[in-house]
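Notes for the one structure printed next.
Side-chain atoms are counted along with the backbone in the values below, which use heavy atoms only and exclude waters and symmetry mates. Below, read A as the first sequence line, B as the second, and so on, with proteins coming before strands; counting in each chain starts at 1.
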Protein chains: 2
Amino acid sequence: MTESTAKWVQSGADPENACPVAPVVDIVFSRWTTPILWALHEYGRQRFVELERRIATITPKVLTQRLRQLERDGLVVRTYYPEVPPRVEYEISELGRSLAPLFAALAEWSVHLGEVERARVEYDSREPGRGR
Amino acid sequence: MTESTAKWVQSGADPENACPVAPVVDIVFSRWTTPILWALHEYGRQRFVELERRIATITPKVLTQRLRQLERDGLVVRTYYPEVPPRVEYEISELGRSLAPLFAALAEWSVHLGEVERARVEYDSREPGRGR
DNA sequence: GGTAGTAGGTACCTAGAGGAAAGTAATGGC
DNA sequence: GCCATTACTTTCCTCTAGGTACCTACTACC
């Protein structure tokens with residue numbers, strides 16, 4: 001995935017669909033990245049355990065994986081303090097902050113969630129006996 | 001996923017993170033939905049095989065699954081013509097079209113893909129021997 | 001000596017998403 | 001009679017993301 005994403009970035013033509021937003025989705029909306037970025041955006045610079053507690057259902061293994069990925073992509077900055085009990089702090093990078101309008105657009109669209117819910121209810125009610 | 005999403009929509013408080021954009025991500029950016037919506041947005045109303053050929057690497061089974069999901073969520077409209085060889089046409093619904101600014105924001109952000117690539121190269125080069 | 005606390009790493013395992021391939025109904029064309 | 005076409009469905013299989021549980025180093029504190 002990392003490899004193929006790199007290819008898309010370079011060639012601009014991915015094999016799957018020629019959909020220009022796919023690489024962005026790959027980077028920003030892979031699993032767990034949204035809550036992590038949101039937590040860092042909302043509550044600022046914080047330590048590993050704080051993130052762990054805030055997200056609650058994430059396991060330390062996966063949190064580490066996602067943070068490494070976000071750090072590699074330049075969206076998050078990790079600072080290590082080699083103290084007595086080790087301390088690490090994470091914060092959003094400037095590149096990460098450039099995602100703000102994107103997240104704002106997402107938040108705005110959430111006004112349509114009610115319509116989605118209504119569509120689902122209606123779909124489920126007329127379900128048995130459609131054209132096939 | 002469907003069930004828990006419904007809960008979030010109703011309660012407004014998901015167990016995972018209290019991140020308000022999570023339900024939207026769940027609906028709009030689950031796997032394959034981006035290329036499908038993009039294809040329908042770019043090339044308009046089209047048939048199953050057209051979508052299949054356009055996306056190329058998707059299997060019919062998965063394409064059917066995703067289209068059903070998008071139809072249920074009210075983002076796509078399916079029209080069935082009970083003809084001799086059956087014909088089905090898909091198009092974006094009005095609700096689906098309301099995603100346009102969101103996709104525009106995504107496309108805009110893709111100008112930062114170069115920075116991501118640079119961050120990755122740098123991370124991979126300084127890799128061995130960081131603070132841990 | 002035992003325990004707590006931080007920030008993970010590691011080994012093992014499972015569930016579920018997704019892929020491959022074949023089947024299906026209905027009919028027109030050769 | 002046989003093949004092609006459409007829009008799937010079904011069965012089987014694989015693969016990997018993610019979960020569980022335990023381990024690590026280092027020191028302070030009791």
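- Here A:P60 pairs with A:F48, A:E52 under the side chain to side chain contact (heavy atoms under 4.5 Å, CB included) rule; sequence neighbours left out.
- Taking atom CG of A:L63 as the reference point, atom P of C:dA7 lies 11 Å away to the nearest angstrom.
- If you measure from atom CZ of B:R68 to atom P of C:dA17, you get 17 Å, rounded to the nearest angstrom.
- Classification of A:E89 and A:R47 as a salt-bridged pair fails, no side-chain N sitting under 4.0 Å from a carboxylate O.
- When rounded to the nearest whole Å, the span between OH of B:Y80 and C1' of D:dT9 equals 14 Å.
- Within 4.0 Å of A:Y81, counting heavy atoms only, lies no atom of the nucleic acid at all.
- Qualifying ring-ring contact (aromatic ring centres under 6.0 Å, His included) partners for A:Y90, counting only residues two or more places apart in sequence or in other chains: none.
- B:R78 has its CZ atom 10 Å from the P atom of D:dA7, to the nearest Å.
- In this structure, B:V76 and B:E91 have side chains that are not in contact, with every pair of non-hydrogen atoms separated by 4.5 Å or more.
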Identify every side-chain donor-acceptor pair in residues 97-105 of chain B under 3.5 Å, counting partners at least two apart or on other chains, and give the distances.
| residue | atom | partner | partner atom | Å |
| --- | --- | --- | --- | --- |
| B:R97 | NH2 | B:I92 | O | 3.2 |
| B:S98 | OG | A:W109 | NE1 | 2.9 |
| B:S98 | OG | B:L95 | O | 2.4 |

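- A donor-acceptor pair under 3.5 Å is formed between the side chain of A:T33 and the backbone N or O of A:V28.
- Note: CG (B:L51) to P (D:dA7) measures 10 Å, nearest angstrom.
- With the end axes of the helix from C:dG1-D:dC30 to C:dC30-D:dG1 each set by five pairs, the angle from one to the other reads 30° at 10° resolution.
- Listed here is the closest heavy atom pair of A:R66 and A:S30: NH1-OG, 4.1 Å.
- Under the 3.5 Å distance criterion, the side-chain polar atoms of A:S93 are left unmatched by any main-chain donor or acceptor of A:V77.
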Are any protein N/O atoms closer than 3.5 Å to N/O atoms in nucleotides 2-6 of chain C? If there are, list each pair with its distance.
| residue | atom | partner | partner atom | Å |
| --- | --- | --- | --- | --- |
| C:dT6 | O3' | A:R47 | NH2 | 3.0 |
| C:dT6 | O3' | A:P86 | O | 2.8 |

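- The distance between atom CD of B:E83 and atom P of C:dG28, rounded to the nearest whole Å, is 12 Å.
- When all heavy atoms are compared, the tightest approach of A:P23 to B:L113 is CB-CD1, 4.0 Å.
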List every contact pair, protein side and nucleotides 18-22 of chain D side both N or O, where the distance is under 3.5 Å.
| residue | atom | partner | partner atom | Å |
| --- | --- | --- | --- | --- |
| D:dG18 | OP2 | A:R66 | NH2 | 3.3 |
| D:dG18 | N7 | A:K61 | NZ | 3.4 |
| D:dG19 | N7 | A:K61 | NZ | 3.3 |
| D:dG19 | O6 | A:K61 | NZ | 2.4 |

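- Between the side chain of B:E108 and the main chain of B:L106, no donor-acceptor pair closer than 3.5 Å is present.
- Going from atom CD of B:Q69 over to atom P of D:dC8 covers 15 Å, rounded to whole Å.
- A donor-acceptor contact shorter than 3.5 Å is absent between the side chain of A:E122 and the backbone of A:A119.
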